[in-house]
Protein chains: 2
Amino acid sequence: MVYKIKFDQFFSYSFSMDCLIFGFSNGKIHILLVKRAMEPYGGYWAIPGDLVYPDEDLPNAAERILEELTELKNVALRQGGVFGKPNRHPQGRVITNAYLAMVRMNETNPQPSSWVEELRWVPVDEVEMLAFDHNEILTATYQRLKERFIHEPICFDMLPLKFTLNELQQLYEYAFGICIDKPNFRKRIKNLPLIELKERQENVKHRPATLYSFDWEKYKSLVSEGHFEFNMWL
Amino acid sequence: MVYKIKFDQFFSYSFSMDCLIFGFSNGKIHILLVKRAMEPYGGYWAIPGDLVYPDEDLPNAAERILEELTELKNVALRQGGVFGKPNRHPQGRVITNAYLAMVRMNETNPQPSSWVEELRWVPVDEVEMLAFDHNEILTATYQRLKERFIHEPICFDMLPLKFTLNELQQLYEYAFGICIDKPNFRKRIKNLPLIELKERQENVKHRPATLYSFDWEKYKSLVSEGHFEFNMWL
DNA sequence: CAGCGTTGTGGTATTAAATACAATAAGTAT
DNA sequence: ATACTTATTGTATTTAATACCACAACGCTG
């Protein structure tokens, strides 16, 4: 089957970025959603995203768009999948690229901006109907996020800088829907480059837990020099 | 910073697919390259790829393009990364999406077609200067391929349907640049759903090795029902 | 067909890690 | 002090990874 298409017809697409920002709070992984104040899909909740400019590199576009819509800066965005069904966007052929990031919700204060009317953190398993094919994008991206959880220390990007071992455990338990024996969990992670702080929890109604930080310096040197591999459950 | 851009300017991009076909032969992982008989980059070696049609879904486009250029059909292509530097294509803004697949080289007979002048399997570590940003695309995609090797049984897509355990071992040794103890290797893989065939190698100058197949049926049922996880080296 | 070289296969002893489960210590609230 | 909640340590058992040795099976050569 041979198609005859004019050159111009090939150069008629648009390209967008969708930024999936994940955070952890109250034992649940959340995603940042925005309410669209603009057609198409005005009034719908959506993943923050917009079109890429003609002379803009993709990583820069993702950063710019995220900041324009939510005022978030200095977020380490990573590339995810591509979604390009011909009719996914009512205004034309728009192929979109998911970019994802993990942030500390307690230190992150997104504000609705540009065409965003409202903005909200929603637990990933409570997300309802979204604009465009954003449900599909979320599902696929969250799946990949969880896979990365196993072999990259990215979960520490969503935990507070000072966290308890229980918070770390809860994060993994939520992500993978499992229960872990507490004493054994602590033994497994004793290989990780964690810094045990002198501080403890405050304002809790029980024995305060010791706070820890992830030692990124040590982690990098371990990886670069020796044969250290981050691994949470084979 | 606020840009003012007309609607039309946003719908002026093009989108392409690049198909990275990997195979294994003589102890080396190869990639299928094509020689371009067309501008731009006429005469250069490149990853087979072309523009997506306006009404075409991405997976279909990848299949069509691969077939048009190499006459390969029924290849299980998977999505890889996106590459979209503003000036990566001399004719305009073309964002490209890598699709990758593993094939059995002994059963695969690609033929140059359409604008492809010539076609060649090249070991991944012997690839030289390619068209566009294809070296970058290859490096990034091969890297991801190797990561998948660890936790997905995709290596069996590039081995012959009937393979020896030594071939399997060689593949992993090449990919990760390591040496593995043969007896131990065989012990590790004894958990895998392999079918030990009644057949043996033929026309070899030494004791013929037993041939094996990967049991995809059993693999699927193991994964779906129980807690089986494919894992080659933590 | 004996003996050599090559490759495949089986075994063991050692080490390290994952698991299950019990017990203790350290705080808070009354 | 006492009860109660949560954090932390300990042990015994099982399981898997590793290193290394020995042997078996086959083709080839003389």
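Each chain gets a letter, A, B and so on, in the order the sequences are listed, and its residues count up from 1. Quick note: numbers below take in every heavy atom, side chains included, and nothing from hydrogens, waters or symmetry partners.
Rounded to whole Å, atom P of D:dT8 lies 8 Å from atom CG of A:Asn166. Look at CG on A:Leu211: it is 12 Å from P on D:dA7, rounded to the nearest Å. If you measure from atom CG of B:Asn184 to atom C1' of C:dT14, you get 12 Å, rounded to the nearest angstrom. One atom, CG of A:Asn231, and another, P of D:dA16, lie 16 Å apart when rounded to the nearest Å. Whole-Å rounding puts the B:Arg207 CZ to C:dG5 C1' distance at 14 Å. Going from atom CG of A:Asp181 over to atom P of D:dT6 covers 16 Å, rounded to whole Å. Atom P of nucleotide D:dT18 and atom CZ of B:Phe185 are separated by 13 Å, given to the nearest angstrom. Remark: P of C:dT28 and NZ of A:Lys205 are 13 Å apart, rounded to the nearest angstrom.
At a threshold of 4.0 angstrom between heavy atoms, the contacts of B:Thr164 with the nucleic acid are absent.
Because its NZ or CZ atom is both nearer than 6.0 Å to the ring centre of A:Trp45 and within 45° of the ring axis, A:Arg120 counts as a cation-pi partner of that residue.
Counting heavy atoms from C-beta on, the side chains of A:Val103 and A:Phe22 never come closer than 4.5 Å.
For the side-chain contact (heavy atoms from CB on, under 4.5 Å) with B:Lys146, the lone residue among B:Arg144, B:Gln143, B:Arg148 that qualifies is B:Gln143.
A donor N or O paired with an acceptor N or O is found under 3.5 Å between the base of D:dT11 and the side-chain atoms of A:Lys187.
Aromatic rings of B:Phe163 and B:Phe156 (six-membered ring for Trp) have centroids within the 6.0 Å cut-off, being under it.
Along DNA chain C, the nucleotide closest to B:Gln201 and the one closest to A:Asn191 are compared, and the more 5′ of them pairs with B:Gln201. If A:Ala209 and B:Arg200 are placed on DNA chain D by their nearest nucleotide, the residue sitting closer to the 5' end is A:Ala209.
Taking the six-membered ring where the residue is Trp, A:Trp216 and A:Tyr219 present perpendicular rings, their angle passing 60° and hence far from 30°.
Where pairing requires Watson-Crick or G-U contacts shorter than 3.5 Å, the helical stems of DNA chain C with at least three consecutive pairs are C:1-30 with D:1-30.
OP1 or OP2 of D:dT18 sits under 4.0 Å from a side-chain N or O of B:Arg188.
Here the closest heavy-atom approach between residue A:Asn135 and residue A:Leu130 is recorded as OD1-N, 2.9 Å.
When distances are taken from the side chain of B:Thr210 to each of D:dT8, C:dT9, C:dG27, the shortest belongs to C:dT9. The side chain of A:Pro183 approaches D:dG10 more closely than any other nucleotide in the set D:dG10, D:dA7, C:dG27.
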- Task: Please lay out, stage by stage, how B:Tyr174 and B:Asn26 fare under the test side chain to side chain donor-acceptor pair (under 3.5 Å).
- Result: CA-CA 11 Å; B:Tyr174 181 84; B:Asn26 286 104; over 6 Å; no

